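Okay, structure first, notes after.
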Amino acid sequence: MSESMSSATETFDCRDIFAATLEEMAAEDQRICAVVNDSVGSTKLGGFRRRFPERFVNVGIAEQNMVGASAGLASGGMIPFCCGASCFLTARAMEQVKVDLGYAQNNVKLCGMSSGLAYGELGPTHHSIEDLAWTRVIPNLSVVVPADPVETRSALQWARDNDGPVFLRLSRMPVPRLFPDDHRFIPGQAPVLRDGGDLTIFANGVLVFRALEAAVRLGRRGILARVINMSSITPLDREAVLRAARETGAILTVEEASIYGGLGGAVCEIVAEEHPVRVRRMGVPGVFAPTGSEAFLLEHFGLTAEGIESAAADLVRQRRAP
Amino acid sequence: MSESMSSATETFDCRDIFAATLEEMAAEDQRICAVVNDSVGSTKLGGFRRRFPERFVNVGIAEQNMVGASAGLASGGMIPFCCGASCFLTARAMEQVKVDLGYAQNNVKLCGMSSGLAYGELGPTHHSIEDLAWTRVIPNLSVVVPADPVETRSALQWARDNDGPVFLRLSRMPVPRLFPDDHRFIPGQAPVLRDGGDLTIFANGVLVFRALEAAVRLGRRGILARVINMSSITPLDREAVLRAARETGAILTVEEASIYGGLGGAVCEIVAEEHPVRVRRMGVPGVFAPTGSEAFLLEHFGLTAEGIESAAADLVRQRRAP
Amino acid sequence: MLICIFMQKQFVESDLRWFPCKNNFHRPLAVQSRNWVVTMRETTATEDLLRRLTLAARRVRMRALQMVHHARIGHPGGDFSAADILVALYLGVLRLRPSDPSWPDRDRFVLSKGHCSAALYATLAEAGFFEEKVLGTFMDPLSILNGHPDRKKVPGVEANTGPLGHGLPLATGMALAARMKKAAWRTFVLTGDGELQEGSNWEAGLCAAQYGLDNLVLIVDRNGIQQGDFVEKIIRMDPMADKWRSFGWQVAEVNGHDFGELLCVLGSSPLLPGKPTCIVANTVKGRGVSFMENNPKWHHHVPTDKELALALAELEGAER
Amino acid sequence: MLICIFMQKQFVESDLRWFPCKNNFHRPLAVQSRNWVVTMRETTATEDLLRRLTLAARRVRMRALQMVHHARIGHPGGDFSAADILVALYLGVLRLRPSDPSWPDRDRFVLSKGHCSAALYATLAEAGFFEEKVLGTFMDPLSILNGHPDRKKVPGVEANTGPLGHGLPLATGMALAARMKKAAWRTFVLTGDGELQEGSNWEAGLCAAQYGLDNLVLIVDRNGIQQGDFVEKIIRMDPMADKWRSFGWQVAEVNGHDFGELLCVLGSSPLLPGKPTCIVANTVKGRGVSFMENNPKWHHHVPTDKELALALAELEGAER
Ligand SMILES: Cc1ncc(C[n+]2csc(CCOP(=O)(O)OP(=O)(O)O)c2C)c(N)n1
Ligand SMILES: Cc1ncc(C[n+]2csc(CCOP(=O)(O)OP(=O)(O)O)c2C)c(N)n1
Ligand SMILES: [Mg+2]
Ligand SMILES: [Mg+2]
């Protein structure tokens, strides 16, 4: 596994900034409440519960009611942050997410914790790699995958201020800081983290820093990769995709998710519609993962700086070929 | 709405052949049973219940248990056909479909009835337009959308013989017969219904005959459209897509589903990966539908022979432009 | 007029907290029986009020049936079993401002059995939320009156329902919101009896009991029939009251077609401090038209022209 | 040795049907009490058998804890509350052929609380489904022993569990399959108590009662603790037995750490014809190690080296 950046840099479990920001917002705004499914520890909301017990609801192990009751709280004027393991929050309450959030437009902020392969050796039941495909198809639902602590905080603040349902897909694996303090998450705007003209890498979540590392390594080989943080899945920055297609002619998508229907799928749809270029999707290739930790599985599926580097190099080679 | 073909031709509600085939198979094979969620009428399984009461399970209004118990039946050696309105069967039991079917590979045949916009004026809660995106991302699960009575029957027989979980997405809107009696559904093989070199239309389900009608009309305007029946979503006929890209240079996908992540998404992913060409996706464009019947809504979203014709003509025009 | 309410033995009348109610007509009198406290309450609901409600419910049934006939889809059986409950709520119990449907302090009502939208829409029109003529657009293209209620389109509708088993979780959240905001509104939710086969209801039931939501009232339209058959034959839900009690709720049973009982019990609901209330309303599916009553077929049968005429005539001529 | 079983009053001893059982040691004696039939049964389970199970359970606990320590993840509290139940089932009750795990007539067992896979794997090894050394690969890369059981990889595992609330629906299906195939196998499923907050369980509960699945046995590991806290403090599940009774089940309560009781009640389960059986097993989370017992922290706490050593020493030295 690539160590060059992480060894040099301090890393953060984004759940800490998540919990701290939620508490801070709750202190300022009486409407903010938290709903959990027996997940106080894993969501790090023990502090929230201590400070705001009357705005903390633990519905027990019951995800349908968790999402339904959150919708009711929202319709009653609260701003519920509904927090649970992403795998259960989405799959177990899929219809509540569609109907009570997407269709009825209740102002609920779904916080899918420990998404992607975070639960590693707990196995495929606990991996949440379908959640992007599942939520992306639901109208009115914003889908956001922050990449670092700064963006996590900003996305939470944006979610509070934006009247409408949001799915925040959060992670647990420590990541370095990528953004300066004043970085603001803006929906539908995908910031360029590093420019380049040979291909564009769209990544989100915990894989953004690995994509950046890959770009550094590619640079050493004379390949200039543009790296874009695609934290905003819905709405998607169409323009950034089309610019990438026009200006770099090849695209690599990198996500801790299935390669079907998620970020990769979204990018392929836009590109194929308006400016066809070659797109390679990295992620989990349509299988249930074997036993292993998150780090092991990321490596197993090639989702390391080296893996991204080599996929990118291949793609550029293909493109340069006749 | 286009009437040319339907006025000339007898049409069929595929639920009839579905019910008849299921009864026929159950008479031959003791392992076949049916599981419903208070949906005897809408699945047309009254006859099945009368003939095989001991192999008929009505779990009541309880989709999680419907899918879970079906998985248990399968693990106990039965071949359950688990039948309910597609909107509830998929969304309400999404995690059971992922875990008990996809992951555990229990031999359950999910029959999603009245999918797409079939429930028309009953509204978005009852429309099942996300189901293709949702199921396509689940490993080990075959996803099939038959186009006519012959294919419905053949797909059911194939599902019986194939040991593994299957999602059959069935419809209610009467459609004409498209295939000869001896047509066989083969997974991963997308039959060419009409050949042409100017563009390819991939369609499935109730929209296949409309796509064919569109091709007839296009032919009159000198545009030769290839029409392919993409009933097999998982596995997908990669080769048919790549041939279409290479040979016709432009692709139109037509589905009674969201344009995100379903058939259109799948085709874009393949094309963008291996042979980038322009793809236009027709379907429900990321919104919840307004009030109206299925026929009205199909027209509203341009999913008529005329609508398909004009989208195809646009696409060919774009392609021919510099 | 005397009304009987059956309650669990362990609670005595003095525990009861009376909520303010539009028609504040209850005077509790406790009578002990072997297993129950039978509470006799004298209603001060005037004959006049009861007559008004009876007439309104008749109009609601007639309109709902016309709407279903017009749309050629619908669920008249459940519309009719719920009609009296809806009318009692909207015209006798709920604190609402039809001219200001989003008045923050309004009582909330969620029709969890959203397939009975025709009865709901007709009741909302009766209560003045919109004009009666809108009912004529039921399920027409682009109408605000979808087959299942849409809160973004229809004044007075609180929740988008249709898939069964959503209402009680939603209502639980609304009741939690009222508590968090220290607001006085109450939340009522009406479910079917077949609907309670959905596990989501029991998740919410446990949660509401844990949080002691005594601002939440569940009404079960216990008409004994679901989509395909009698509930008993598909998945039995009796003993209904025992289930809710074992889940920590206060339970009362009423005749869901008796306005005296409905007003008295709904008006004084929630019944006990510290517990959510479940009111099992015993009803008849298709109630009000002889040939529709207690017949599973009428769950979603669309009346022919002749059936419509016969039904309307029966309703028109009805005494009670 | 005398065993007490508590049953609902309305059923008398003569209603009971005794299923054949490996250790066929019950001799019913009914004693009436105010609310219960207290059935006294004399067990013929020899001291020898009980000693064997006790030793096996001790090994299961020791190995499970070592496995969790090795993997640095796991759920030792629930492993320990369930260990005696698992051992009683696999070594005393279930009809199985470890050398032929897919023997069609085997009894089925579903560990619905799949997070306690360490205890299950250790028990399966104890029962001879695979070699003990495999346990050392718990959660290692590419190991067959995933954090949650996978039926496609582990001999003896019937279901892929992990998400709570899957086991009872699966088991209901298995019991229905047995009935359709006129097969004699029984289906047992073990859930947590917090797990029963999932509505899917109650959906299956209704269904199993409707179909009178007297080949289905649900065992509830009632250790009073869920992930974050005591069940009582999060979402109370008591009165547990009343809930299942009101859902149409036959209920018995046992001490989940007493092999005499477990063998007697599980061995003679299902308890009544025409009804599914629920056995509420009163247990202690972390049972067997003083500093783990009844402490929510041990739900998924991974022992330090020192804690491991202390725990192993305690288990090693345990008398009972
Ligand atoms: C989740 C879900 N499953 C299935 C349906 C289809 N459905 C509509 S109404 C109905 C029967 C409802 O019966 P009940 O709750 O008793 O209502 P009522 O008798 O009051 O009409 C069913 C199964 C649905 N709307 N939602
Ligand atoms: C659907 C679902 N939601 C949440 C979890 C996370 N989780 C794992 S174990 C557990 C607590 C289980 O408590 P209980 O059922 O009492 O089990 P036991 O005490 O026997 O360990 C939770 C919430 C899960 N596995 N599945
Ligand atoms: Mg009913
Ligand atoms: Mg527990």
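Source: prediction; values computed, not measured.
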Most contacts with chain A, counted as non-hydrogen pairs under 4.5 angstrom, among Pro141(D), Ser117(D), Gly147(D): Pro141(D)

Contact class of Lys153(D) relative to chain A, heavy atoms under 4.5 angstrom: side chain

Greatest number of heavy atom pairs closer than 4.5 Å to chain D - which of Pro124(A), Gly292(A), Gly123(A), Ser293(A): Gly123(A)

Approximate separation, where rounding is to 0.5 Å, of Gln197(D) CD and Asp38(A) CG: 6.5 Å

From Asn37(A) atom CG to Ile235(D) atom CD1, the distance as rounded to the nearest 0.5 Å: 11.0 Å

For the student: nearest non-hydrogen atoms of Thr291(A) and Leu145(D), plus distance: CG2-O, 4.2 Å

Interface moiety of Val59(A) toward chain D, non-hydrogen atoms closer than 4.5 Å: backbone

Closest non-hydrogen atom pair between Gly165(D) and Arg92(A), with its separation: CA-NH2, 3.7 Å

Shortest non-hydrogen contact between Thr125(A) and Gly162(D), atoms and distance: OG1-CA, 4.4 Å

Spacing of CD belonging to Glu121(A) relative to CZ belonging to Arg72(D), to within rounding of 0.5 Å: 11.5 Å

Smallest separation among heavy atoms of Gly60(A) and Ile234(D), with atom names: CA-CG2, 3.8 Å

Contact origin within Ile73(D) toward chain A - heavy atom pairs under 4.5 Å: side chain

Nearest-0.5 Å distance, CZ of residue Phe288(A) to CG of residue Asn146(D): 12.0 Å

Interface residue of largest heavy-atom contact number with chain A, from Leu196(D), Val231(D), Leu164(D), under 4.5 Å: Leu164(D)

Reported CD-to-CD distance for the pair Glu198(D) and Glu63(A), which is rounded to 0.5 angstrom: 4.5 Å

Inter-residue atom distance Tyr119(A).OH - His148(D).NE2, 0.5 Å rounding: 10.0 Å

